[in-house]
Number of protein chains: 2
Amino acid sequence: MTSENKAFKALSDPTRREILGLLRKGERTAGDLAERFDMTKPSMSHHFSVLKDADLITSRREGQTIWYGLNTTVVQDIMAWVMDLVRGEEKKERPASPKGGTK
Amino acid sequence: MTSENKAFKALSDPTRREILGLLRKGERTAGDLAERFDMTKPSMSHHFSVLKDADLITSRREGQTIWYGLNTTVVQDIMAWVMDLVRGEEKKERPASPKGGTK
DNA sequence: ATCGTATTTAGATTATTATCTAATTATACG
DNA sequence: CGTATAATTAGATAATAATCTAAATACGAT
């Protein structure tokens, strides 16, 4: 599966998007993240692993706790894809969209 | 289901993303779109309906053919969400950690 | 009305995914 | 070592989603 596809699939779940949102401001431990959701820890752990596999988060162990952090590199790829969609749309209407006086 | 969630779910399928990519440059008919994929027309029609339900595309009938077009309003919402993720990250490195609360 | 074309809808099947409980690993500490 | 804590892995189940074939709808032309 392509990196892009993994990322989009990972983003398709609201719980996972919320996890990413919490990581915007910095790292958090698995436990800290888990307790904010109405879901068992194993379920949360599954979501972490999906995000990790999509390279949307980083992880490091510190003693018995694991710290997760946002990895923006893939997020930026996604952003580029979405922006392309909008940008392409701007130049779609065949007759002279005003954009740098061509023609 | 929220609009955001519908959109992300719709975007999670590679076929649907490819459809959107084809619509960047302008409208296309259902048949024209369908023949570019190795998939039956009913399956393609299903994807159209998912995209439509997520408000990612518009549709209008012209005689017996249906024209689909990109609807960028929701795409922009998605873009905003993704950009927030990256922007938040930029200001994250302030690990004075009022959050970690290592208890 | 009948036919042909474009497209969708219905219903079934299969694959994927989210979630749970129970068990396991990893680490720290007495 | 034995116990407690943090987190994951395993295995099962139930809900979603993708896809197909067959049938139906919508429209235009004959």
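Keep in mind it's a predicted model, so treat the numbers as computed, not measured. Letters A, B, ... are given to chains in the order of the sequence lines, protein chains preceding strands, and every chain is numbered from 1.
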>> Return the OG1 to CG distance between A:Thr72 and A:Leu23, rounded to the nearest 0.5 Å.
In response: 12.0 Å
> Can you tell me how far OH of A:Tyr68 sits from CG of A:Leu20, rounded to the nearest 0.5 angstrom?
Replying inline: 12.5 Å
> How is A:Thr65 classified with respect to the nucleic acid when contacts are heavy atoms under 4.0 Å: base, sugar-phosphate, or nothing?
Replying inline: sugar-phosphate
>> Taking the basic N atoms (NZ, or NE/NH1/NH2) and the acidic carboxylate oxygens, is any pair closer than 4.0 Å for A:Asp55 and A:Lys6?
In response: no
> Quick one: B:Arg17 CZ to D:dA18 P, roughly how many Å, whole number?
Replying inline: 11 Å
>> What's the separation between atom CD1 in B:Ile57 and atom CG in B:Asn71, rounded to the nearest 0.5 Å?
In response: 9.0 Å
> Quick one: does A:His47's side chain get under 4.5 Å of A:Phe37's, heavy atoms only?
Replying inline: no
> Rounded to the Å, how far apart are B:Phe8 CZ and D:dA17 P?
Replying inline: 16 Å
> What does nucleotides 25-30 of chain D look like as a protein-contact string, B for base, S for sugar-phosphate only, - for none, at under 4.0 angstrom between heavy atoms?
Replying inline: -SBS--
>> Are the side chains of A:Val50 and A:His46 in contact, using a 4.5 Å heavy-atom criterion?
In response: yes
>> D:dT8, OP1 or OP2 - any side-chain N/O from A:Tyr68 closer than 4.0 Å?
In response: yes
>> Please report the distance, rounded to the nearest Å, between NZ in B:Lys52 and P in C:dT7.
In response: 15 Å
>> Using the rule side-chain contact (heavy atoms from CB on, under 4.5 Å), only one of B:Ile78, B:Leu51, B:Leu70 pairs with B:Leu56; which is it?
In response: B:Leu51
> A:Glu27 has an atom CD; how far is it from atom P of D:dA7, in whole Å?
Replying inline: 13 Å
>> In the structure I gave you, are the side-chain heavy atoms of A:Arg24 and B:Leu85 within less than 4.5 Å of one another anywhere?
In response: yes
>> Could you go through B:Glu18 and B:Arg36, starting from their C-alpha distance and side-chain angles, then the distance that decides it, and tell me whether this counts as salt bridge (charged side-chain N to carboxylate O under 4.0 Å, His left out)?
In response: CA-CA 10 Å; B:Glu18 212 176 322; B:Arg36 291 164 196 272; over 6 Å; no
> If you look at every strand shown and take non-hydrogen atoms under 4.0 Å, does A:Thr29 touch a base, only sugar-phosphate, or nothing?
Replying inline: sugar-phosphate
> For nucleotides 13-23 of chain C, read 5' to 3', which letter fits each nucleotide if B means a protein heavy atom sits under 4.0 Å from the base, S means only the sugar-phosphate is that close, and - means neither?
Replying inline: ----SSBBBB-
> Once you round it to whole Å, what is the distance between C1' of D:dT9 and CZ of A:Phe48?
Replying inline: 15 Å
> Atom CZ of A:Arg28 and atom P of D:dA7: how far apart are they, to the nearest Å?
Replying inline: 13 Å
> Rounded to the Å, how far apart are A:Ile66 CD1 and C:dT25 P?
Replying inline: 15 Å
